[in-house]
Amino acid sequence: MSGIRQGVAIGFLCLSYIAFIERKIFRFIIYIIIGAGFHTSVIVFLLLTPFVKSQLSAARIIATFTVSMPIVYILSQTESANLAAERYIQTSLDSSGSAFRLAIL
């Protein structure tokens, strides 16, 4: 089930990229929020919102970095982040079935 949810989330992420290219900020945000409803990792792409309507500049990058770093820090202190670190980083288990799962997906 998790693979299907990730696939749907990636689909909405792709739709948000199209909205980003077309500079449609409302559609971009809506697709990101819908995608995050299927898999929460998509919410990170909301950090690209300041760049939808404008050109890339050093001031915008610094502003986005300044706003996002405290949010990233707060999120890293949550119980979900600790659980993910225990499951995926602090373990010696390896998964050898990823090619099979991708083929099924």
Side-chain angles (χ1 to χ4, degrees):
M1 182 62 134
S2 180
I4 294 170
R5 290 185 309 116
Q6 288 174 346
V8 172
I10 288 172
F12 279 105
L13 187 59
C14 290
L15 290 172
S16 73
Y17 286 152
I18 293 169
F20 185 91
I21 291 168
E22 294 175 350
R23 299 188 183 272
K24 307 287 186 184
I25 193 165
F26 183 72
R27 281 186 17 211
F28 175 79
I29 292 171
I30 292 297
Y31 288 141
I32 293 291
I33 291 171
I34 292 171
F38 288 98
H39 201 277
T40 56
S41 62
V42 175
I43 203 78
V44 167
F45 291 92
L46 273 179
L47 295 174
L48 294 176
T49 303
F51 303 107
V52 173
K53 286 282 191 186
S54 64
Q55 298 297 324
L56 189 63
S57 68
R60 249 183 227 288
I61 292 171
I62 291 170
T64 301
F65 182 77
T66 304
V67 170
S68 65
M69 283 302 104
I71 295 169
V72 169
Y73 175 75
I74 291 168
L75 289 176
S76 72
Q77 302 304 310
T78 63
E79 183 63 32
S80 297
N82 291 334
L83 181 62
E86 287 177 15
R87 285 185 181 172
Y88 303 115
I89 298 172
Q90 300 169 355
T91 183
S92 62
L93 298 175
D94 290 330
S95 175
S96 58
S98 61
F100 180 70
R101 288 191 301 275
L102 286 173
I104 290 173
L105 182 60

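- Residue Phe28 holds its CZ atom at 5.0 Å from CG of Leu48, rounded to the nearest 0.5 Å.
- To the nearest 0.5 Å, the span separating OG on Ser57 from CD1 on Ile62 amounts to 8.5 Å.
- No continuous path of hydrophobic side-chain contacts links Leu47 to Leu13 [ILVMFWY only; heavy atoms under 4.5 Å].
- Rounded to the nearest 0.5 Å, atoms CD1 (Ile25) and CZ (Arg27) are 12.5 Å apart.
- Taking the six-membered ring where the residue is Trp, Phe12 and Phe38 present parallel rings, their angle staying beneath 30° rather than reaching 60°.
- Under the 4.5 Å side-chain heavy-atom criterion for ILVMFWY residues, a single connected hydrophobic cluster contains both Ile32 and Tyr17.
- Note that NZ of Lys53 and NZ of Lys24 are 6.5 Å apart. Values are rounded to the nearest 0.5 Å.
- Checking side-chain atoms of Ser68 against main-chain N and O of Thr64 turns up a donor-acceptor pair under 3.5 Å.
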Could you go through Phe20 and Phe45, starting from their C-alpha distance and side-chain angles, then the distance that decides it, and tell me whether this counts as side chain to side chain contact (heavy atoms under 4.5 Å, CB included)?
CA-CA 11 Å; Phe20 185 91; Phe45 291 92; over 6 Å; no
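- Summarising the geometry, atom CD1 belonging to Ile43 is positioned 10.5 Å from atom CD1 belonging to Ile71; distances are rounded to the nearest 0.5 Å.
- Pairing each heavy atom of Ala9 with each of His39, the nearest pair is CB-CB, 3.6 Å.
- Between Asn82 and Thr78, the closest side-chain pair of non-hydrogen atoms is not below 4.5 Å.
- Under the 4.5 Å side-chain heavy-atom criterion for Ile, Leu, Val, Met, Phe, Trp and Tyr, Ile61 and Leu46 are members of the same hydrophobic cluster.
- By the 4.5 Å heavy-atom criterion applied to side chains, Tyr31 and Ile18 are not counted as neighbours.
- Taking all atoms of both residues into account, the shortest heavy-atom contact from Phe51 to Arg60 is CE2-CB, 3.7 Å.
- Using a 4.5 Å cut-off between side-chain heavy atoms of Ile, Leu, Val, Met, Phe, Trp and Tyr, with links allowed through other members, Ile10 and Leu15 fall into different hydrophobic clusters.
- No path of Ile, Leu, Val, Met, Phe, Trp and Tyr side chains, each step under 4.5 Å between heavy atoms, connects Val44 with Tyr73, placing them in separate hydrophobic clusters.
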